[in-house]
Amino acid sequence: MSLLYAIALNCVFVTSQIMAEENGVVSYAGFQVWKIKPSSEGDQQFILDIIDSYELELWSKRRMARDPMDVKVPPQSQTKLKSKLAERKISYVVVISDLQTAIDNQKTKVNRIISNWKPAYDMGWISYHTLNDIYAFLTYLNTTYPKLVQLTNIGSSYEKRPLYVLRISDSSSAGTRPAIWIDGGIHAREWISPAVATYIIQQLVEVPANAKLLSNVDWYIMPVVNPDGYEYTHTKDRMWRKTRSVSNTSSCRGADPNRNFGYKEVIANKFKPPSLFQMMQWGGLGASTNPCDDTYRGTIAFSEPETLAT
Ligand SMILES: *[C@@H]1O[C@H](CO)[C@@H](O)[C@H](O)[C@H]1NC(C)=O
Ligand SMILES: *[C@@H]1O[C@H](CO)[C@@H](O)[C@H](O)[C@H]1NC(C)=O
């Protein structure tokens, strides 16, 4: 594929944490998510400065100084964070009182399909789905609508799962028209993203009223760029973000796929402001060199088979 970049705007800067593991399944029992309300830039910086030492993880995108900050707080930091915030008179509310309970509640909804919805495939868009369901859906479409869709395997993930791209085109000369590229699931734990990408696919392929959206362009949609990571979030660690490649130098696995792409000046120069193309250089803004970080860039550009294939 010649499609080089998916600009995944993602500003979660995090450090890795050691968590209790049971049968290889990571537990978030006792973890909480707090919405902290800084009332000045100073307050905001105060919180940013203690993120590492308190093993916090910032879940919200930082915009204005006084925007609330959603922060994942491990059990061992809750008491000291509470007094630290009280000292500085920064208020907060606990929005998730037990992260594992929230994950368990979400799991019971995976794959639950409403009773009067009986499509030919095991997919719906009121709950999240496993990789198997998503891949079965793509295969079903490929078989059922041969004139409209073409499912291509563009390569294999680190753990040898197929990397599927679905082309949707009503043209007999598909591939010659302008194209729209959509990808999802580059960060394993962001489940909404494959859900949206598959929903767009369903709407384009199966809803006749949307046929006009196919009239001038070909669509290329890759709903799960990081299938190993996505599967891992369903089976082992709901908060996993990276690929699952094994490192030669560290016991920590995976690279952050959207920080693993190489840099092509020709393309990057088209982007304004320059800060945006800086983010797209390998090793650019916000990319970590520590294999244990969730923002780890990988050993070299395109070290991950998922980014290389894409
Ligand atoms: C999609 O269908 C075409 C035509 O039947 C087939 O050649 C191709 O292998 C299918 N793609 C996948 C990934 O199964
Ligand atoms: C790890 O080492 C093997 C064997 O030397 C090499 O093929 C592979 O590319 C290395 N992987 C990384 C991520 O550097």
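We count ligands from 1, going down the list as the structure has it; atoms in each ligand are counted the same way. Nothing here was measured: the structure is a model prediction, and the numbers come from that model.
- For the side-chain contact (heavy atoms from CB on, under 4.5 Å) with R259, the qualifying choice from D293, I186, T295 is T295, the only one to do so.
- Nearest to atom 13 (C) of ligand 1 among the protein's heavy atoms is L151 O, 3.4 Å.
- Between D43 and R88, at least one side-chain nitrogen of the basic residue sits less than 4.0 Å from a carboxylate oxygen of the acidic one, meeting the salt-bridge criterion.
- For atom 3 (C) of ligand 1, the nearest protein heavy atom lies closer than 4.0 Å.
- The hydrophobic clustering, which links ILVMFWY residues whose side-chain heavy atoms are closer than 4.5 Å, places V26 and Y296 apart.
- In this structure, D228 contributes its side chain and S157 its backbone to no donor-acceptor pair below 3.5 Å.
- Within the 4.0 Å heavy-atom shell around ligand 1 one does not find T139.
- A distance of 6.0 Å or more separates the ring centres of Y28 and W240.
- For atom 7 (O) of ligand 1, the nearest protein heavy atom lies 4.0 Å or farther away.
- Closest to atom 1 (C) of ligand 1 among all protein heavy atoms lies N142 ND2, 1.6 Å.
- Remark: ligand 1 atoms within the under-4.0 Å shell around heavy atoms of Y164 are 13 (C).
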